[in-house]
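Below: the structure, in structure tokens.
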Amino acid sequence: MYDVIVIGSGPAGLTAGLYASRAEMKTLIIAGPAPGGQLTITSEVENYPGFPEAILGPELMNKMLAQSIRFGATLVQETVVRVDFRNRPFHVQTDKANYEGRTVIIASGADAKWLGLSSEQKLRGHGVSACATCDGFFFKGKEVVVIGGGDSAMEEALFLTKFASKVTILHRSDQFRASKIMLSRAKANPKIVFRPNAQVVEVLGVDKVTGVRIKNPTTEKEIEFLTEGVFLAIGHQPNTSVFQGQVDLDEKGYLKVGNNTLTSVPGVFSAGDVADHRYRQAVTAAGLGCMAAMDAEKLLTQEKG
Ligand code: NDP
């Protein structure tokens with residue numbers, strides 16, 4: 001029986017594990033098959049406080065991992081396949097074992113959506129990115145494209161104009177989901193060019209991006225478009241399928257949170273991108289992990305009376 005079961009091992013999960021175990025709660029971190037979360041697939045992280053010279057994503061996560069188990073948390077590389085939050089203690093079943101927890105912190109994150117092209121996956125980290133905030137800096141003075149037509153695409157494009165010499169928004173149709181205000185801001189920026197009816201069907205380049213092949217979905221005509229950076233902004237997918245029916249999710253599948261980290265089930269807390277589609281930063285996720293662990297501790301202390 002654990003006091004706290006943390007599901008997830010990105011910055012949110014590992015910080016929750018650190019705070020929970022350091023508060024002397026018996027803590028289990030269920031890390032998934034590859035601990036570390038999204039940062040393990042990025043290169044340099046320059047915006048995590050405390051690392052003035054930047055740090056590699058995997059190295060940062062290794063440090064967080066070591067710190068999270070320093071105070072006695074148990075970490076298992078297992079995948080959650082089923083949860084039962086109907087009664088306490090809560091039951092969490094993984095691909096290898098069954099666990100019971102007085103509280104649960106869900107920190108299972110969200111993954112950026114990708115086009116699903118093999119060329120895109122091959123060049124991830126070599127010019128293909130799904131995070132302008134993380135990687136925009138590496139494109140100073142270069143021409144880049146942003147794929148998508150929603151608010152994220154507008155926001156990423158606007159952010160990229162700080163660095164890139166030109167940002168082309170490639171959108172598969174001519175109907176934009178982006179809000180009027182975001183669309184107008186992007187349109188007003190002289191560095192941003194819109195290219196609607198442009199579906200990316202291939203990312204070009206051998207060891208770094210040199211361009212994209214785009215297709216007009218109406219005419220089916222394909223052309224090559226030169227660019228050095230490809231930023232995906234076609235939405236995120238929260239990792240919540242295993243929690244469906246157990247805790248309230250919003251219409252996009254994100255955990256619904258009320259006050260700070262509280263979910264619809266008392267004793268089940270949320271941390272990080274699994275509920276946050278707005279900030280999505282390592283540092284905000286870590287902060288939410290800390291908050292969730294403190295909220296779990298407060299509940300258990302109150303219950304002990
Ligand atoms: P959205 O779901 O709003 O938009 C996704 C975009 O990606 C659409 O234009 C969609 O095209 C396109 N797309 C989806 N799949 C593919 C694909 N396989 N190939 C090509 N294009 C594809 O997601 P966002 O991340 O933009 O926004 C999510 C939420 O977050 C929204 O509610 C948004 O308002 C909010 N948000 C708000 C911000 C702000 O206010 N500053 C900033 C960022 C996000 P299509 O339309 O053709 O389906």
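All figures in this text were calculated on a predicted structure; none of them were measured in a lab. Both ligands and their constituent atoms are indexed starting at 1 by order of listing. The figures that follow rest on heavy atoms only: side chains count, while hydrogens, waters and symmetry mates do not.
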So, the side chain of Ser9 versus the backbone of Ala31: is there a donor-acceptor pair under 3.5 Å, distance only? yes
For [X] and ligand 1, does the shortest N/O to N/O distance drop below 3.5 Å?
| X | answer |
| --- | --- |
| His277 | no |
| Arg278 | no |
| Ser173 | no |

State the atoms of ligand 1, each with its element, that fall below the 4.0 Å cut-off from a heavy-atom position in [X].
| X | value |
| --- | --- |
| Arg172 | 11 (O), 13 (N), 14 (C), 15 (N), 16 (C), 17 (C), 18 (N), 19 (N), 20 (C), 21 (N), 22 (C), 45 (P), 47 (O), 48 (O) |
| Gly150 | 4 (O), 6 (C), 9 (O), 26 (O) |
| Gly149 | 6 (C), 8 (C), 9 (O) |
| His171 | 9 (O), 11 (O), 45 (P), 46 (O), 47 (O) |
| Lys252 | 29 (C), 31 (C), 32 (O) |

Nearest-contact summary for atom 8 (C) of ligand 1 - protein heavy atom, Å: Arg177 NE, 3.7 Å
Quick test: of every protein heavy atom, which one is nearest to atom 34 (O) of ligand 1, and how far off is it to 0.1 Å? Asp151 OD2, 2.6 Å
For Met61 against Gly10, the heavy-atom pair lying closest together: CE-C, 3.7 Å
Tightest non-hydrogen contact, residues Lys113 and Ile234, listed as O-CG1, 3.5 Å
Run the salt-bridge test on Asp3 and Arg102 with the 4.0 Å N-O cut-off and return the result as yes or no. yes
Looking at ligand 1, would Gln199 count as a contact under a 4.0 Å heavy-atom criterion? no
Indicate yes or no: at least one non-hydrogen side-chain atom of Phe163 is less than 4.5 angstrom from one of Val144. no
Less than 4.5 Å apart, any side-chain heavy atom of Phe90 and any of Val83? no
Got a second to check how far Thr240's OG1 is from Ile7's CD1, nearest 0.5 Å? 12.0 Å
Rounded distance [0.5 Å steps], CD1 in Ile30 versus CD in Glu78: 7.0 Å
